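Accompanying notes for the structure given below.
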Protein chains: 2
Amino acid sequence: MASSPTVTIGQLAALTGVNLETIRYYERIALMPEPARTAAGYRAYEDEHRQRLSMIRRARELGFSIDDVRALIGLGEPKPCAEVEPIAAAHLATVRAKIADLRRLETLLGAAVRGCRTGTSQTCPVIEVLGGDPASA
Amino acid sequence: MASSPTVTIGQLAALTGVNLETIRYYERIALMPEPARTAAGYRAYEDEHRQRLSMIRRARELGFSIDDVRALIGLGEPKPCAEVEPIAAAHLATVRAKIADLRRLETLLGAAVRGCRTGTSQTCPVIEVLGGDPASA
DNA sequence: CTTGACCCTGTAGCTGCTACGGGGCGCAGG
DNA sequence: CCTGCGCCCCGTAGCAGCTACAGGGTCAAG
């Protein structure tokens with residue numbers, strides 16, 4: 001009973017902010033269900049598709065992998081907390097690990113770049129960070 | 001006048017901790033120079049190769065792209081600070097941006113996962129984070 | 001002389017898209 | 001009715017940065 005029961009792929013892309021080609025890609029990898037088609041073969045999306053795609057988009061923005069997304073929002077009904085929580089917790093752990101890694105990098109790079117600017121070293125401090133092992137024996 | 005003037009690709013891999021196939025890949029994309037060959041066609045690496053590959057490895061560990069690495073350690077002599085510093089500074093900026101992004105994720109995911117564990121909500125808090133927009137109009 | 005560990009080449013696969021190329025459809029204007 | 005524009009269709013190739021084959025050759029020990 002809505003004024004616009006179905007939308008085209010381009011409209012869905014505009015509604016959700018997901019690239020049109022990406023939507024087709026999601027269908028190809030069975031992350032999005034195949035929508036009904038018009039007589040001419042155009043995809044006709046319902047509001048359920050829009051909801052699902054929005055969820056996928058947010059999950060991707062949160063850094064979940066495609067496989068994680070598949071596990072989080074199965075092909076049908078919403079998953080129970082007991083299934084969702086371990087995936088989210090694992091992902092959170094990898095996010096934290098990445099943060100820790102990046103902070104190490106930040107420290108090292110920051111020091112090297114500062115060394116460049118103060119310019120007291122003979123060789124470039126950035127290069128020095130890379131070449132800490134000139135000879136083997 | 002060293003006892004082992006050249007090493008095979010497998011030995012170089014062991015020395016540097018870089019995967020053997022990755023070394024060949026670096027040669028293919030001209031990041032590593034083509035080494036001399038034995039009569040049988042085996043690659044024969046000198047210590048210079050080992051040094052260069054170690055530098056590449058450290059640069060990659062610091063998150064520099066292959067193109068950045070190419071710019072940092074050209075095919076010949078070490079680059080001057082003036083060339084190196086902008087690349088390192090730009091990379092540092094992207095590292096900081098990634099950290100900021102990941103911290104946002106950490107906050108959101110952390111709150112959701114905690115919500116799961118305290119379990120007061122009807123629907124899973126993780127799913128709630130994903131589905132904040134049930135209907136369009 | 002055989003066995004096994006190494007080496008060679010080239011190509012296909014991975015993730016998650018994105019961008020073609022070469023065609024159909026739908027609707028508005030002339 | 002026809003044209004033209006914008007959208008849609010499909011399939012495939014490309015991006016980074018490896019990694020993993022398949023199907024061979026080589027070398028040194030036993």
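Just so it is clear, the structure is predicted and the values come from calculations on it, not from any experiment. Just so we're on the same page: letters track the sequence lines, and every chain starts at 1.
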Whole-Å distance separating the [atom1] atom of [X] from the [atom2] atom of [N]:
X     : N      : atom1 : atom2 : result
B/E27 : C/dG10 : CD    : P     : 11 Å
A/I56 : C/dG16 : CD1   : P     : 13 Å
A/E34 : D/dC10 : CD    : C1'   : 13 Å

Is there any protein nitrogen or oxygen under 3.5 Å from a nitrogen or oxygen in nucleotides 5-7 of chain C, and what are the pairs?
residue: C/dC7; atom: OP1; partner: B/T8; partner atom: OG1; Å: 2.5
residue: C/dC7; atom: OP1; partner: B/G10; partner atom: N; Å: 2.9

key: Set of side-chain hydrogen bond (donor to acceptor under 3.5 Å, both in side chains) partners for B/E61, sequence neighbours left out   = B/R57

note = Whether each nucleotide of nucleotides 14-19 of chain D has a protein heavy atom under 4.0 Å at its base (B), only at its sugar-phosphate (S) or at neither (-) is summarised, 5' to 3', as ---BBB

Can you list, pair by pair, the side-chain donor-acceptor contacts under 3.5 Å of residues 18-35 of chain A, counting residues two or more places apart and other chains?
residue: A/N19; atom: OD1; partner: A/E21; partner atom: N; Å: 2.7
residue: A/E27; atom: OE1; partner: A/R43; partner atom: NE; Å: 2.8

request  = Report yes or no: does B/E83 contribute a side-chain atom to a donor-acceptor pair with the main-chain N or O of B/P80 at less than 3.5 Å?
outcome  = no

inquiry  = Has B/E85 got a side-chain atom pairing as donor or acceptor with B/A82's backbone, closer than 3.5 angstrom?
reply    = no

request  = Just do the side-chain contact (heavy atoms from CB on, under 4.5 Å) check on A/M55 and A/L72 with the steps written out, would you?
outcome  = CA-CA 10 Å; A/M55 288 184 76; A/L72 289 176; over 6 Å; no

request  = Output, in order, the C-alpha distance, side-chain angles, deciding distance and verdict of salt bridge (charged side-chain N to carboxylate O under 4.0 Å, His left out) for A/D101 and A/K98.
outcome  = CA-CA 5 Å; A/D101 274 9; A/K98 277 186 192 160; over 6 Å; no

task = Enter the inter-axis angle for the ends of the helix from C/dC1-D/dG30 to C/dG30-D/dC1 (five pairs per end, rounded to 10°).
result = 30°

task = Apply side-chain contact (heavy atoms from CB on, under 4.5 Å) to B/I66 and B/R60, showing your working.
result = CA-CA 8 Å; B/I66 298 281; B/R60 297 287 303 129; 4.0 Å; yes

task = Sort and list the pairs that fulfil ring-ring contact (aromatic ring centres under 6.0 Å, His included) and have at least one residue in residues 46-95 of chain A, not counting sequence neighbours.
result = A/Y45-A/H49, A/F64-A/H91

request  = Answer whether the closest heavy-atom distance between the side chains of B/C124 and B/E128 falls below 4.5 Å.
outcome  = no

Note, A/T16 side chain near A/L12 side chain (heavy atom, < 4.5 Å) = yes

